Amino acid sequence: MGEENAKYAGQGWFTLSGDVNSDMVRRVFDAVADMSEDRVETAHILIQSNGGYVSDGICLYNYLSRLPLKVATYNAGAVASIAVILYLAGKQRYASDTARFMVHKSHASAPHGARPDALRIIVEGLQADDARTEQILREHVHLSEEHWRVHAYSDLHLTAAEALEVGLIDEVKDFAPPKGMRVTNI
């Protein structure tokens, strides 16, 4: 290992894209097992996702945020929906100047002709999902009352600069692995 690469010992660079679902959970679990084997102490993870399933996103948040390694998350394009919660697992969080975040409440569709009791179960599930994601958001992000009002009824879109203002990111900074370092797709 050259002198230049020696200063990056214990660090790894990764990309994670696609829907937040059970396949992504499996891929992340496998990647973390490899990271442990490779003695990665700091994982730099570029996330690109338009969201997916709330339970899978919360599972990944809980798992990644409690690992005995440092996770730094990056947004170079778009992180949306439940992927924002996954992104918040980073102990350090960065976004490119042109990156965007989109946060919204949970949604679902009801089967045609669904009975009122079935609709009530769907609504209760959505309310529970919203309570779980909002708890995580409030732990990390300091949205203004205006932001929370928008979030209550619509999609909340944040630029990198706005995300910096509310603490969603720590710094406007690109995902830029050092020359010669391997980048692994999760």
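Quick caveat, the model's predicted, so the values are computed rather than measured. All values below come from the heavy atoms of this structure, side chains included, with hydrogens, waters and symmetry mates left out.
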Taking all non-hydrogen atoms of both residues, which atom of [X] and which atom of [Y] are closest, and how far apart?
X: A160; Y: S96; value: CB-O, 3.2 Å
X: Y87; Y: T73; value: O-OG1, 2.8 Å
X: G77; Y: N75; value: N-OD1, 2.9 Å
X: I186; Y: F14; value: CD1-CB, 3.7 Å
X: G12; Y: V40; value: N-CG1, 3.9 Å

Report yes if some heavy atom in the side chain of [X] is under 4.5 Å from a heavy atom in the side chain of [Y]; otherwise report no.
X: M24; Y: F29; result: no
X: Y53; Y: C59; result: no
X: K70; Y: Q92; result: yes
X: P177; Y: R182; result: no
X: D56; Y: I82; result: no
X: V150; Y: L143; result: no

Nearest 0.5 Å please: distance from the [atom1] atom of [X] over to the [atom2] atom of [Y].
X: L60; Y: N21; atom1: CG; atom2: CG; answer: 9.5 Å
X: D155; Y: M102; atom1: CG; atom2: CE; answer: 4.5 Å
X: D34; Y: T184; atom1: CG; atom2: OG1; answer: 8.5 Å
X: L67; Y: M35; atom1: CG; atom2: CE; answer: 8.0 Å
X: R93; Y: I169; atom1: CZ; atom2: CD1; answer: 9.0 Å
X: T159; Y: E165; atom1: OG1; atom2: CD; answer: 7.5 Å

How about E171: does its CD atom have over 12 heavy atoms from other parts shown lying under 6.0 Å from it?
yes
Taking the six-membered ring for Trp, are H44 and Y8 closer than 6.0 Å centroid to centroid?
no
Ring centroid separation for W13 and Y74, is it under 6.0 angstrom?
no
Under the 3.5 angstrom rule, does the side chain of [X] hit a backbone N or O of [Y] as a donor-acceptor pair?
X: Q48; Y: A78; answer: yes
X: N50; Y: A80; answer: no
X: S49; Y: G18; answer: yes

Using side chain to side chain contact (heavy atoms under 4.5 Å, CB included), reason through I85 and V103 one step at a time and then give a plain yes or no.
CA-CA 9 Å; I85 299 301; V103 185; over 6 Å; no
Start with the C-alpha gap between V32 and L64, add the side-chain angles, then the distance that decides, and say whether side chain to side chain contact (heavy atoms under 4.5 Å, CB included) holds.
CA-CA 9 Å; V32 170; L64 290 173; 4.1 Å; yes
L16/L86 under side chain to side chain contact (heavy atoms under 4.5 Å, CB included): CA gap, chis, key distance, verdict
CA-CA 11 Å; L16 176 61; L86 163 60; 4.1 Å; yes
So V71 and L69, side chain to side chain contact (heavy atoms under 4.5 Å, CB included) or not? Walk me through it.
CA-CA 6 Å; V71 174; L69 62 95; 3.7 Å; yes
Less than 4.0 Å between a side-chain N and a carboxylate O, is that true for D30 and R27?
no
